[in-house]
Amino acid sequence: MSTSRRTLLGAALGGAAATTVAGLPGTAHAASWQQKWAPSASRDGLGAFETVEDDRANSHPSGGPHIFATGDNWRFNMHTADRDTSTDRQRQEVTGLRNGSGGDYLKWTSGQTWRVTYSMYIPGSLKATTTFTHIMQMKQPGNGTSPIVVQSLRRVNGKQTIELKLAVDDILVGRTDLDPLHDRWTDVDFQIKIGNGSAGSVRWILRSGGSTVVDASKTGVDTFLADRVRPKWGIYRSLGDTSGSLQDTYLLLSNLRGYQLT
């Protein structure tokens with residue numbers, strides 16, 4: 001099975017509902033998704049991201065690079081020997097949306113609405129765990145800041161699942177079985193309205209094999225801490241798993257796109 005992905009996720013974008021907003025007196029216009037980010041792994045490499053967190057503790061230099069572009073994909077390798085600066089966990093992640101190597105990165109701030117679409121390939125070796133295994137996060141930048149949203153691989157009553165949670169208030173947005181998504185490409189459509197208190201909202205859609213496997217949303221929720229929101233992708237997992245699921249593995253991402261509702 002080829003692990004190259006070129007799907008444009010047109011159906012996901014075409015299904016977006018327009019939002020009518022007030023304009024000048026007597027006029028109105030429909031808000032729409034404006035593409036702001038369309039990197040290519042083969043062209044931009046790791047220059048597509050604001051920062052790269054590749055073995056930042058230098059725990060396993062012989063296994064590097066852990067994050068790199070290969071063909072149309074970005075690949076994140078994780079070995080059981082890898083350790084983060086906090087040695088009870090592992091982290092190989094990229095952050096932010098940068099337009100070209102050396103270009104400006106996009107800043108997601110309170111009151112804005114953003115959307116990212118992409119395809120991910122989760123091999124059978126990347127298993128759900130009893131503790132955290134995050135493969136996407138929304139965070140406030142800075143050391144020690146808490147996650148706002150996490151897309152995670154979690155064991156629930158012994159069953160492997162993939163879920164989306166609002167981490168600030170521990171609110172489950174959606175969850176579905178992970179087993180059918182192993183060793184195949186899955187399209188992700190994630191949307192966030194950034195707002196404090198009850199001013200935020202999120203929507204999370206997964207599509208695989210031509211079918212929608214989850215379409216879940218939450219409104220009236222807190223999606224902002226301070227400063228700004230910054231996406232992260234990769235593998236970030238705890239070593240405290242008790243299911244025996246930790247092994248050498250990887251994650252592939254392709255066709256990353258970013259849109260702002262304007």
Side-chain angles (χ1 to χ4, degrees), residues 3-9 33-61 63-78 82 84-85 89-109 112 114-122 126 133-152 185-192 194 225 227-237 249-260:
T3 52
S4 177
R5 184 69 166 181
R6 294 179 178 274
T7 302
L8 294 178
L9 299 175
W33 295 108
Q34 301 297 315
Q35 183 172 283
K36 300 290 187 176
W37 186 58
S40 161
S42 59
R43 181 190 66 232
D44 302 304
L46 298 182
F49 307 105
E50 182 180 340
T51 69
V52 178
E53 298 173 350
D54 185 328
D55 193 15
R56 60 184 189 171
N58 198 35
S59 67
H60 189 202
H66 296 80
I67 307 171
F68 54 93
T70 173
D72 295 325
N73 310 316
W74 288 274
R75 181 173 174 125
F76 303 79
N77 286 342
M78 183 67 78
D82 299 346
D84 192 24
T85 51
R89 62 198 63 193
Q90 303 175 297
R91 183 197 304 270
Q92 309 292 359
E93 291 183 303
V94 296
T95 79
L97 286 63
R98 186 180 296 279
N99 280 313
S101 180
D104 292 334
Y105 56 85
L106 301 175
K107 297 181 179 180
W108 297 13
T109 58
Q112 296 180 339
W114 287 88
R115 181 180 202 168
V116 286
T117 63
Y118 60 96
S119 296
M120 62 181 177
Y121 184 89
I122 303 175
L126 182 51
T133 294
H134 303 322
I135 57 172
M136 180 188 76
Q137 300 186 74
M138 300 289 143
K139 291 192 70 178
Q140 172 193 340
N143 293 330
T145 58
S146 299
I148 300 166
V149 181
V150 289
Q151 179 178 259
S152 309
W185 285 97
T186 299
D187 293 335
V188 183
D189 183 345
F190 173 77
Q191 303 163 34
I192 181 170
I194 302 170
L225 293 175
D227 186 23
R228 60 187 173 104
V229 175
R230 182 171 67 180
K232 302 188 78 174
W233 292 276
I235 302 174
Y236 177 43
R237 66 185 185 182
T249 189
Y250 66 94
L251 173 71
L252 296 179
L253 300 182
S254 187
N255 201 46
L256 285 155
R257 298 290 181 266
Y259 304 83
Q260 184 179 9

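Positions are given from 1, in the same order as the sequence printed here.
- Put simply, the side chain of T145 gets close to the backbone of Q140: a donor and an acceptor are under 3.5 Å apart.
- Remark: the Q35 side chain and the W33 side chain contain no N/O donor-acceptor pair separated by less than 3.5 Å.
- Once rounded to the nearest 0.5 Å, the distance linking CG of L252 with CD1 of I122 reads 10.5 Å.
- At least one donor-acceptor pair under 3.5 Å links the side chain of D44 to the backbone N or O of S40.
- Inter-residue side-chain proximity for L256 and V116 is flagged as unmet; no heavy-atom pair is nearer than 4.5 Å.
- A distance of 6.0 Å or more separates the ring centres of Y259 and W37.
- Of the possible polar contacts, none joining the S152 side chain to the H134 backbone as a donor-acceptor pair under 3.5 Å is found.
- With respect to S119, the side-chain hydrogen bond (donor to acceptor under 3.5 Å, both in side chains) criterion is satisfied by exactly one of T186, D187, D72: D187.
- Rounded to the nearest 0.5 Å, atoms CE (M120) and CG (L126) are 9.5 Å apart.
- The distance from atom CG of L251 to atom OG1 of T133, rounded to the nearest 0.5 Å, is 11.5 Å.
- Contact check for L46 versus W74: side-chain heavy atoms found under the 4.5 Å cut-off.
- When the salt bridge (charged side-chain N to carboxylate O under 4.0 Å, His left out) test is applied to R89, no partner is found at least two apart in sequence or on another chain.
- The closest side-chain heavy-atom distance from N73 to S254 is below 4.5 Å.
- For the pair F190/T117, no side-chain contact is recorded, criterion being any heavy-atom separation below 4.5 Å from C-beta on.
- Side-chain contact of H66 with N77: a donor-acceptor pair under 3.5 Å is absent, judged by distance alone.
- Evaluated for a salt bridge (Lys or Arg N to Asp or Glu O under 4.0 Å) with E50, the options K232, K107, R228 yield exactly one hit, R228.
- Judged by distance alone, the side chain of Q92 and the main-chain N or O of D55 form a donor-acceptor pair under 3.5 Å.
- Atom-to-atom distance recorded for T70:OG1 and R75:CZ is 7.5 Å, nearest 0.5 angstrom.
- Rounded to the nearest 0.5 Å, atoms CG (L106) and CG (L97) are 5.5 Å apart.
- A 4.5 Å side-chain heavy-atom check between R115 and D189 finds at least one atom pair inside the cut-off.
- F49 does not carry R98 over the face of its six-membered ring by the limits of under 6.0 Å from the centre and within 45° of the normal.
- Within the 4.5 Å cutoff, the side chain of I192 has no heavy atoms near those of the Q112 side chain.
- In this structure, the side chain of N255 does not engage the main chain of Y118 through any donor-acceptor pair within 3.5 Å.
- A side-chain donor-acceptor contact under 3.5 Å links Q90 to the backbone of D82.
- Counting only heavy atoms from C-beta outward, the side chains of W114 and K36 approach each other to under 4.5 Å.
- Not counting sequence neighbours, the partners of Q137 by the side-chain hydrogen bond (donor to acceptor under 3.5 Å, both in side chains) test are E93.
- The distance from the CD1 atom of I235 to the OG1 atom of T249 is 5.5 Å, given to the nearest 0.5 Å.
- By the salt bridge (charged side-chain N to carboxylate O under 4.0 Å, His left out) test, D84 pairs with R56, R91, sequence neighbours left out.
- No side-chain donor-acceptor contact under 3.5 Å links W108 to the backbone of I194.
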